[in-house]
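Okay, so here's the structure we're looking at.
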Amino acid sequence: MKKLILFTLVLVAALGFITVKYFKSLTTSGVHAGNIMRTIPDSAVAVFEFSNDKGFYEIFTDNTLLGSLIGEKQLSQLDTVRKVLFSNPALQRFFDASNIFISLHPSAIGGPGLLLTAAAAKDFDVNTFDDLAKQKQTGMLITSFTIDEKKGFTVYFTALKKRFYLVNTDENIFSASFSKDLVVKAALYKNDKENDTFKPLPDQQNLNSLANLYINYEELTPLFDKLFRTKNHDLFKSFRLLPATAGLNLNYKTDALMFNGYTNIRRDKPASYLNLFATQAPVENNLKEIFPSTTSYSMSMAVSDPAKFLSDLITFHEKAGLKTERDTAFARVKKETGIDLRSELKQALSNEFAVVTTRYRERFAIITIKDGAKLRPAMVNISTMVNDDMGQFNYNKLPYFLLGDAFNSFRRPYFRIMDNYLVLANSVKELDSFADSYLNRKFINKTEQYSHFDNLTGERSNVTFFINFRNSRMILQNDLKENVWEAYKSNELSPENFYGASYQLTATDNNFYTNFCMLRNAADSTNLSSTVKNVP
């Protein structure tokens, strides 16, 4: 699915809606969901699950979000598979009661690969495909193959002039894809049943769910590496390093994609920076109110106990082998200026801090402090002042050692204190740009569409990623691989029709309650209603 390319959660959401609409002949079977999910290769970034419910399909019959996320070519291909293959009388009744799982995998050709996994009815005989191959004028040519003693089939759709592959990976469990490599991978996959990557949601969480989304954070980086020119791209980076999986429920809304559920941290893996926020209490998010109107994307962090966070960060750095480098840096500051910088920050730090990137690639760190006037002398003493308002740190990596990974790009930043905000940037020009936005109240929250979007997000959280698609366009054009960008920009039904998206982590029981929201633009200029409604 070459055109699903903005960022991974956008991709996953798109896949879910496509499948809901076009594979509604394939629904729940007697095979337990956990057994089906164990056959999905652990390279999966995410898995979308849904079951057959008449009300569910009625809800989405006229929903144009589907068309806004994926092009007509992809819709047509999936619809052909549904109508020609799985709606064939020889197969239809065997898949009427099957859960469908759609997993997203990195692909060697640059875009993500889609794998469909479903269980057939207990009385299904795999040789039914051989019988189907003998039928005439079905619109497809079916040939068989074997992988690791598992029987598979190639289905050539004459209308598409394209091959679709499926293989019986386990007892009456089938994996299928337009990607032969992905089907082969599924056939050869050996699951470690002691350590399942994805586990079905608990019954209580799943009780009233329309559909479910499972995410493996650690597999996001391999996918991003296939999409972006550089492996060090900072987009969603802290989330990609989180050793965790998520299980989320779909919430229906006509103009937005919304999922919520839980992110469960894996304790058998080394901790990441975001682990530090799981032990805090949720905090009301106010810092976003001063983000510039040009904000492309941001990561906001909030802590209920700043002193505990700073203490936990010290321990985290020591486990990472950074103690000597860190202590040497602070000792030098103390020797040359008399300033105990860690003590100063501990006294000054309030509850929120963020890193914001604008459409012009300006990057700011914004840190809330209790009293800007009290912190100013310490900042002046460790810096070379450019003028009365701003100066440049004389020492390297201090923001990283003081506040952690999110501030790694600010090596020897310039600073400015504005009211009770400490603002950092890598150039005077960037600081001046922020000052202009701040003093003239040119904030993104002043726009009507942002207000609508913000109303869909949680008021309290500990970590929030936000992206504005329009402001991010030039950054994505420069950073995505050429073939990926070309596919993206040529897709008239792309996620550019959406205003923005957010991903929120809110601490609970040393894990995270999780919200994902993606809002469509207020004015839909794509005229997709009739297109979507006319697709059966």
Side-chain angles (χ1 to χ4, degrees), residues 234 287 289-295 298-301 303 306-307 309-310 313-314 317 322 325-358 360-443:
D234 66 320
L287 189 54
E289 294 178 3
I290 65 166
F291 287 178
S293 60
T294 55
T295 295
S298 63
M299 189 170 87
S300 305
M301 294 144 281
V303 292
F309 170 76
L310 295 176
L313 181 62
I314 289 172
H317 281 161
L322 298 170
E325 183 184 3
R326 178 201 62 202
D327 290 351
T328 299
F330 288 128
R332 182 186 171 200
V333 173
K334 181 68 179 292
K335 179 180 178 180
E336 295 179 1
T337 68
I339 300 294
D340 185 341
L341 198 54
R342 282 182 288 191
S343 177
E344 293 284 348
L345 182 66
K346 185 176 180 180
Q347 295 177 41
L349 186 63
S350 188
N351 300 102
E352 293 185 87
F353 37 97
V355 175
V356 179
T357 301
T358 72
Y360 307 111
R361 286 195 185 272
E362 300 163 323
R363 184 169 297 165
F364 318 114
I366 312 171
I367 303 157
T368 58
I369 50 181
K370 297 172 183 175
D371 189 327
K374 286 185 178 180
L375 183 63
R376 179 178 170 80
M379 294 295 99
V380 171
N381 280 331
I382 67 167
S383 305
T384 298
M385 298 304 292
V386 176
N387 54 42
D388 290 341
D389 294 322
M390 70 179 73
Q392 183 179 22
F393 284 12
N394 293 327
Y395 305 93
N396 196 34
K397 294 183 68 173
L398 293 184
Y400 170 73
F401 289 131
L402 288 169
L403 290 170
D405 291 17
F407 299 85
N408 192 39
S409 62
F410 302 96
R411 295 303 175 112
R412 283 189 58 216
Y414 292 82
F415 85 91
R416 180 168 178 171
I417 294 177
M418 307 181 71
D419 297 325
N420 289 331
Y421 301 108
L422 171 62
V423 184
L424 307 178
N426 288 318
S427 70
V428 171
K429 183 178 179 181
E430 287 172 297
L431 271 187
D432 284 340
S433 175
F434 180 83
D436 176 61
S437 295
Y438 182 79
L439 296 173
N440 293 295
R441 296 296 187 258
K442 295 189 289 188
F443 301 139

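Keep in mind that this is a model prediction, so the values were computed, not measured. Numbers here simply count residues along the sequence, with the first being 1.
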Is the ring pair F393/F415 parallel, tilted or perpendicular, if the boundaries are 30 and 60 degrees? tilted
Is there a side-chain contact between L310 and R342 in this structure, where contact means two heavy atoms from C-beta onward sitting under 4.5 Å apart? no
Has D388 got more than 12 heavy atoms of other residues, nucleotides or ligands less than 6.0 Å from its CG? no
Would you compute the distance between atom CE of M301 and atom CG of L403 and round it to the nearest 0.5 angstrom? 8.0 Å
Counting only heavy atoms not in K374 (residues, nucleotides, ligands), do more than 12 fall under 6.0 Å from its NZ? no
Roughly how far, to the nearest 0.5 Å, is the CG atom of L398 from the CD1 atom of I382? 5.5 Å
Out of I314, N351, V303, which residue meets the side-chain contact (heavy atoms from CB on, under 4.5 Å) rule with F309? V303
Go through S433 and E362 one step at a time and tell me if the side-chain contact (heavy atoms from CB on, under 4.5 Å) criterion holds. CA-CA 8 Å; S433 175; E362 300 163 323; 2.8 Å; yes
When every non-hydrogen atom of N387 is compared with those of D389, the smallest separation belongs to OD1-N, 2.8 Å
Verdict with supporting geometry, K334 and I339, side-chain contact (heavy atoms from CB on, under 4.5 Å): CA-CA 5 Å; K334 181 68 179 292; I339 300 294; 5.8 Å; no
side-chain contact (heavy atoms from CB on, under 4.5 Å) partner of I366, chosen from L422, V356, L424: V356
Can you confirm whether the side chains of T337 and N381 place a donor and an acceptor under 3.5 Å from each other? no
So, the side chain of D371 versus the backbone of A373: is there a donor-acceptor pair under 3.5 Å, distance only? yes
Grab the two heavy atoms, one from E430 and one from R361, that are nearest each other, plus how far apart they are. OE2-O, 3.8 Å
Contact between K429 and Y414 at the side-chain level, heavy atoms closer than 4.5 Å - yes or no? no
Does the plane of the ring in Y421 sit parallel, tilted or perpendicular to the ring in Y438? Use 30° and 60° as the thresholds. perpendicular
Kindly indicate whether the side chain of R411, heavy atoms from C-beta on, has any atom under 4.5 Å from the side chain of K397. yes
Hey, does I367 have a side-chain heavy atom less than 4.5 Å from the side chain of F407? yes
Starting from the C-alpha separation in whole Å, work towards a yes-or-no answer on side-chain contact (heavy atoms from CB on, under 4.5 Å) for F364 and V355. CA-CA 6 Å; F364 318 114; V355 175; over 6 Å; no
Can you tell me how far apart CG (L287) and OG (S298) are? Round to the nearest 0.5 Å. 9.0 Å
F434 side chain reached by I290 side chain, heavy atoms, under 4.5 Å: yes
Quick check: do P292 and F443 have side-chain heavy atoms less than 4.5 Å from each other? no
Main-chain N/O of Q392 paired with T384 side-chain donor or acceptor, under 3.5 Å: no
Point-to-point distance, once rounded to the nearest 0.5 Å, from CG of N420 to CE of M418: 12.0 Å
Rounded to the nearest 0.5 Å, what separates atom CD1 in I417 from atom CZ in R376? 6.5 Å
What distance separates L375 CG from I369 CD1, expressed to the nearest 0.5 Å? 4.5 Å
For K346, is the NZ atom crowded, meaning more than 12 foreign heavy atoms sit under 6.0 Å from it? no
Could you tell me if the side chain of S409 sits less than 4.5 Å from the side chain of D234, heavy atoms only? no
Between R441 and D436 (salt bridge meaning N to carboxylate O under 4.0 Å), is one present in this structure? no
Among E336, R412, R332, whose side-chain hydrogen bond (donor to acceptor under 3.5 Å, both in side chains) with Y395 holds? E336
Taken in chain and number order and not counting sequence neighbours, the residues that satisfy ring pair (Phe, Tyr, Trp, His ring centres under 6.0 Å) with F291 are none
Where do R416 and M379 land on the side-chain contact (heavy atoms from CB on, under 4.5 Å) test, with the steps shown first? CA-CA 9 Å; R416 180 168 178 171; M379 294 295 99; over 6 Å; no
For the student: nearest non-hydrogen atoms of P399 and P413, plus distance: CG-CG, 3.8 Å
Is Y400 close to F410 at the side-chain level, that is, under 4.5 Å between some pair of heavy atoms? no
